[in-house]
Amino acid sequence: MREPTPDVNEELIEIENLRFGWPGAAPLLGCDRFLLRRGEHLYIRGPSGSGKSTLLNLLAGVLTPDSGRLSLMQQDTGSLAAAARDRLRADHIGFIFQQFNLVPYLNLAENVVLPCHFSRRRATRAAEAHGGVTAAARLLLQRLFVEEELDPTAPVSRLSVGQQQRVAAARALVGDPEIVIADEPTSALDFDARARFIELLFEQVQASRATLVFVSHDPTLAACFDRTVDIDDFRAETRP
């Protein structure tokens, strides 16, 4: 598989004439043309159950279109085998899940370095920049917990919801992936914790020039982003 060449104006995600629907159901998502470039901060808004998570799975190459083309890092995901899509995703995408998906029997640092076990590219980036993947994990935790004393060897089971969220963010950011996808990551936080998390997340993605795709049903967050789209723009029934 060809290794993409980084460029500040690089189109990291490109969609043309995409249609997607679940088997036996009417088409759910459709988009004629969409581009997402390096360094953009995109906010996708829409109510729960509107197809936002399905769209994210398409953007990340977990799902492939029924028709049309979706390119991720200049690779047509529909033409790749499942293993190649998995490798592409592991190398270039950091994912912050709504439920965080931390591994309860691992400590903070061990949770953060998990992506580096699946991606040699991200492990190499982390090691070259910080002298090792564990050192990179500890630095990210220090940045995301700048106001707290936190032991990176502590079990994640002892953390609050807001602390678990920041560990999940550090895991998504380790190894400097080009794209960070966040699926409703602030839904369980109060206003102050949510604002602080958004601030910390932006600091880290800007430091690595990553593209951020942030999905939420909270319209008040849109003002934080330089680009906003509505999930209705991707709904198949809105297409001609």
Side-chain angles (χ1 to χ4, degrees), residues 4 6 10-15 18 20 29 31 34-46 48 50-65 70-75 77 80 85-102 111-112 114-116 118-119 121-122 125 140 144 164-189 194 197-198 200-218 221-222 224-231 233-234:
E10 182 183 357
E11 295 169 351
L12 302 189
I13 296 175
E14 182 177 4
I15 291 173
L18 178 146
F20 176 84
L29 298 175
C31 179
F34 177 79
L35 292 174
L36 188 64
R37 294 181 171 85
R38 178 180 293 275
E40 287 193 280
H41 299 157
L42 174 69
Y43 175 81
I44 302 175
R45 63 188 173 200
S48 298
S50 59
K52 299 190 302 300
S53 293
T54 301
L55 175 61
L56 292 188
N57 283 327
L58 283 164
L59 297 181
V62 177
L63 301 173
T64 56
L70 191 153
S71 294
L72 172 63
M73 299 298 300
Q74 304 168 20
Q75 300 291 315
T77 59
L80 298 176
R85 294 199 311 274
D86 291 344
R87 186 167 64 251
L88 187 67
R89 183 169 58 256
D91 283 345
H92 301 287
I93 295 180
F95 218 112
I96 307 174
F97 299 93
Q98 184 174 359
Q99 303 301 324
F100 311 145
N101 291 357
L102 300 179
N111 266 280
V112 173
L114 274 177
C116 296
F118 299 100
S119 170
R121 176 187 176 90
R122 288 174 69 176
R125 283 183 173 183
L140 275 168
L144 288 164
Q164 290 182 43
Q165 180 196 52
R166 280 175 277 168
V167 174
R171 182 182 59 190
L173 291 161
V174 72
D176 293 335
E178 287 84 352
I179 302 168
V180 175
I181 295 178
D183 186 5
E184 302 263 16
T186 60
S187 59
L189 300 183
R194 181 184 63 190
F197 174 76
I198 294 292
L200 291 167
L201 180 61
F202 268 73
E203 287 176 0
Q204 297 310 310
V205 296
Q206 287 171 347
S208 61
R209 296 194 306 111
T211 295
L212 175 61
V213 180
F214 191 104
V215 162
S216 178
H217 62 268
D218 184 352
L221 296 176
C224 302
F225 293 78
D226 52 29
R227 185 177 173 193
T228 299
V229 297
D230 196 287
I231 189 61
D233 295 337
F234 292 91

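Everything numeric in this text was worked out from a predicted model, so none of it was measured. Index from 1, following the sequence.
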Return the [atom1] to [atom2] distance between [X] and [Y], rounded to the nearest 0.5 Å.
X: Ile44; Y: Asp233; atom1: CD1; atom2: CG; answer: 10.0 Å
X: Glu40; Y: Leu12; atom1: CD; atom2: CG; answer: 8.5 Å
X: Arg171; Y: Leu102; atom1: CZ; atom2: CG; answer: 5.0 Å
X: Arg38; Y: Leu36; atom1: CZ; atom2: CG; answer: 11.0 Å
X: Leu29; Y: Ile231; atom1: CG; atom2: CD1; answer: 6.0 Å
X: Ser119; Y: Leu114; atom1: OG; atom2: CG; answer: 12.5 Å

*Using the test ring-ring contact (aromatic ring centres under 6.0 Å, His included), find all partners of Phe95 that sit at least two apart in sequence or belong to another chain.*
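Counting only residues at least two positions away or on another chain, Phe95 forms a ring-ring contact (aromatic ring centres under 6.0 Å, His included) with Phe97.
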Quick check: does any side chain N or O of [X] sit under 3.5 Å from a backbone N or O of [Y], one acting as donor and the other as acceptor?
X: Lys52; Y: Gly46; result: yes
X: Asp226; Y: His41; result: yes
X: Ser216; Y: Glu184; result: no

Would you check if [X] and [Y] make a side-chain contact, meaning some heavy-atom pair closer than 4.5 Å?
X: Met73; Y: Ile93; answer: no
X: Ile179; Y: Leu72; answer: yes
X: Phe234; Y: Leu18; answer: no
X: Thr64; Y: Leu70; answer: no
X: Leu201; Y: Phe214; answer: yes

Which pair of non-hydrogen atoms, one from [X] and one from [Y], has the smallest distance, and what is that distance?
X: Thr186; Y: Arg194; result: CB-CG, 3.5 Å
X: Pro65; Y: Leu58; result: N-CD2, 3.9 Å
X: Glu11; Y: Gln74; result: O-CG, 4.3 Å
X: Gln165; Y: Leu189; result: OE1-CD1, 2.8 Å
X: Asn111; Y: Val167; result: CB-CG1, 4.3 Å
X: Ala172; Y: Arg122; result: O-NH2, 3.0 Å

*Check the angle between the aromatic planes of Phe202 and Phe225 and answer parallel, tilted or perpendicular using the 30° and 60° thresholds.*
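Phe202 vs Phe225 ring planes: perpendicular.
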*Can you name the side chain to side chain contact (heavy atoms under 4.5 Å, CB included) partners of Gln204, sequence neighbours left out?*
Leu140, Arg143, Leu144, Leu173
*Should the pair Glu203-Arg166 be classified as a salt bridge under the 4.0 Å nitrogen-to-oxygen rule?*
no
*asked:* Name the residue from Leu42, Val215, Leu56 that meets the side-chain contact (heavy atoms from CB on, under 4.5 Å) definition with Ile181.
replied: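 Only one of Leu42, Val215, Leu56 forms a side-chain contact (heavy atoms from CB on, under 4.5 Å) with Ile181, namely Leu56.
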